[in-house]
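Residue indices begin at 1 and follow the sequence shown.
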Amino acid sequence: MKPRPGFPARLVPPSPAAQPKVVPRAAARPATPTGVGMESQAVRAAMVRKIQAQGVTHAGVLAALQAVERHRFVDTALVNQAYEDTSLPIGLGQTISKPGVVARMLELLCQGRSEKLGRVLEIGTGCGYQAALLSHLAREVYSIERLKGLHEKSRENLRWFRLSNLHLLLGDGMLGYPKGAPYAAIIAAAGGNDIPQAWIDQLAVGGRLVAPAVTSVGRQHLVVVDKTATGIVRTELEAVLFVPLKSGIA
């Protein structure tokens, strides 16, 4: 099959032990979580209005937040908090980030663009919520998760949406995913002591990377890296608190 214009042919890693494992999407839809009013678009609209009030204005990001049902990504016991601007536990010591923080990072990723992004790499699939949002903002999304339990959970959560442009990978996110490079954008949901060089290497010229990282003041901040024809431009923004970036598969 010939690749689409602008995209190389999709490559499958030759060795599962050496490369992230690409897992096909399942066809069946899981049971829908229950919760009072969770199916209502009005509930999501109220969340979107709060995020707009925080200063997020990108039309594509706001539309994605309205379209993707966040309650499908949280545990049943916490479903009534799904549309509050708060982080929630998703198991294995990880969390689903606050919607406001997710929206802020996505707006930074899409800043200055009215059209969809090209190919995007997400580091840290988690429960799959941000990956679902990215699928509305990019032509193709690769999302990599190092924790097998969360990788499986995200697959279950995302079955409902049947997103043909989203590919879930089990692998070491610190290494990125070179088979899909170069990427128009890279976004990370975990923060390390610095931005891994592998991510910068896999970013296309003209691309942008948004990730939390520990800066010179010893605290995590949002960091934006723009890769230009003449070099790297790094911008450090507000302080944030994300789970630590780790290597390996567990």
Do the side chain of Gln202 and the main chain of Leu175 share a donor and acceptor less than 3.5 angstrom apart? yes

Supply the atom-to-atom distance Trp199 CH2 to Asp194 CG, rounded to the nearest 0.5 angstrom.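 One gets 10.0 Å once the value is rounded to the nearest 0.5 Å.
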
Exercise: identify the closest heavy-atom pair between Ala213 and Ile195: CB-CD1, 3.9 Å

Please determine whether the number of non-hydrogen atoms from other residues, nucleotides or ligands lying under 6.0 Å from atom NZ of Lys98 exceeds 12.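 No, not enclosed.
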
Please step through side chain to side chain contact (heavy atoms under 4.5 Å, CB included) for the pair Val210 and Val223, ending with a clear verdict. CA-CA 6 Å; Val210 178; Val223 175; over 6 Å; no

Over all atoms of both residues, closest heavy-atom pair of Ser143 and Ala131: OG-CB, 4.1 Å

Cluster link Leu109 to Val233, ILVMFWY, side chain under 4.5 Å: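 Looking at the clustering, Val233 is in a separate group from Leu109.
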
How far apart are the C-alpha atoms of Leu168 and Leu158, what are their side-chain angles, what is the distance that settles it, and do they pass the side chain to side chain contact (heavy atoms under 4.5 Å, CB included) test? CA-CA 10 Å; Leu168 301 181; Leu158 288 161; 3.8 Å; yes

If every non-hydrogen atom of Ser154 is compared with every non-hydrogen atom of His151, which pair is closest and at what distance?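 Where Ser154 meets His151 most closely, the heavy atoms are OG-O, 2.8 Å.
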
Say whether Leu237 and Val214 are linked into one hydrophobic cluster, either directly or through other cluster members, by side-chain heavy-atom distances under 4.5 angstrom. no

When you compare the side chain of Phe161 with that of Arg72, does any pair of heavy atoms fall below 4.5 Å? yes

Between Arg113, Glu115, Arg119, which is the residue that forms a side chain to side chain contact (heavy atoms under 4.5 Å, CB included) with Leu117? Arg113

Restricting to non-hydrogen atoms, name the atom on Ala189 and the atom on Gly124 that form the minimum distance, rounded to 0.1 Å.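 In terms of heavy atoms, the two residues are closest at CB-O, 3.8 Å.
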
Begin with the C-alpha distance, continue with both residues' side-chain angles, and end with the deciding distance and a verdict on side chain to side chain contact (heavy atoms under 4.5 Å, CB included) for Val224 and Leu209. CA-CA 6 Å; Val224 175; Leu209 184 157; over 6 Å; no

Under the rule for ring-ring contact (aromatic ring centres under 6.0 Å, His included), what residues qualify as partners of Tyr183, not counting sequence neighbours? none

Please list every donor-acceptor pair under 3.5 Å in which a side-chain atom of residues 238-250 meets a protein atom from a residue at least two apart or in another chain.
| from | atom 1 | to | atom 2 | distance (Å) |
| --- | --- | --- | --- | --- |
| Glu238 | OE1 | Arg104 | NH2 | 3.0 |
| Glu238 | OE2 | Arg104 | NE | 2.8 |

Separation between CD (Glu236) and OG (Ser216), nearest 0.5 Å, reads 5.5 Å

Taking all non-hydrogen atoms of both residues into account, name the closest pair between Ala132 and Phe73 and its distance. CB-CZ, 3.9 Å

Working to the nearest 0.5 angstrom, can you tell me the gap between Thr57 OG1 and Gln52 CD?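 One gets 8.5 Å once the value is rounded to the nearest 0.5 Å.
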
Verify, without hydrogens or angle tests, whether Lys227 (side chain) and Leu203 (backbone) share a donor-acceptor contact under 3.5 angstrom. yes

Heavy-atom check, side chain of Ile187 versus side chain of Met105, under 4.5 Å: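 Ile187 vs Met105: side chains touch.
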
CZ (Arg219) with more than 12 external heavy atoms under 6.0 Å: no

Are the side chain of His58 and the backbone N or O of Val56 linked by a donor-acceptor pair below 3.5 Å?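 Not confirmed, His58 side chain does not pair with Val56 backbone.
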
Backbone of Gly206 reached by a side-chain donor or acceptor of Asp226 within 3.5 Å: no

Tell me whether Arg44 contacts the main-chain N or O of Gln66 through its side chain, where contact means a donor paired with an acceptor under 3.5 Å.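 The answer is yes, because a donor-acceptor pair under 3.5 Å joins these two groups.
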
Do Cys127 and Gln94 come within less than 4.5 Å of each other through their side chains, counting heavy atoms only? no

For the pair Asp75 and Ile90, evaluate side chain to side chain contact (heavy atoms under 4.5 Å, CB included) and give the outcome as yes or no after the intermediate values. CA-CA 7 Å; Asp75 292 340; Ile90 57 174; 5.9 Å; no

Gap separating the CG atom of Leu169 from the CD atom of Glu145, nearest 0.5 angstrom: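 Spacing of CG (Leu169) from CD (Glu145) equals 10.5 Å.
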
Atom pair CG (Leu133) and CD (Glu122), whose distance is rounded to the nearest 0.5 Å: 9.0 Å

Quick one: does Thr125's side chain get under 4.5 Å of Leu150's, heavy atoms only? no

Pairing of Arg146 and Asp172 as salt bridge, 4.0 angstrom limit: no

Is it the case that the side chain of Thr228 and the backbone of Gly231 share a donor-acceptor pair, with hydrogens and angles ignored and the cut-off at 3.5 Å?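 Flag set: sc Thr228 to bb Gly231 pair under 3.5 Å.
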
Check this for me: does any side-chain nitrogen of one of Glu156 and Lys153 sit under 4.0 Å from a carboxylate oxygen of the other?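 No, Glu156 and Lys153 are not salt-bridged.
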
Is there a donor-acceptor contact under 3.5 Å linking the side chains of Ser87 and Thr95? no

Hey, is CG on Asn193 packed in by over 12 heavy atoms from elsewhere, all under 6.0 Å? no

Quick one: does Asp85's side chain get under 4.5 Å of Val101's, heavy atoms only?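 In short, these two side chains do not touch, never coming nearer than 4.5 Å.
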
Drop me the distance from Gln81's CD to Arg70's CZ, to the nearest 0.5 angstrom.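 Answer rounded to 0.5 Å: 9.5 Å.
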
Of all heavy-atom pairs between Leu137 and Val61, which one has the smallest distance, and what is that distance?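 Taking Leu137 first and Val61 second, the nearest heavy atoms are CD2-N, 3.8 Å.
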
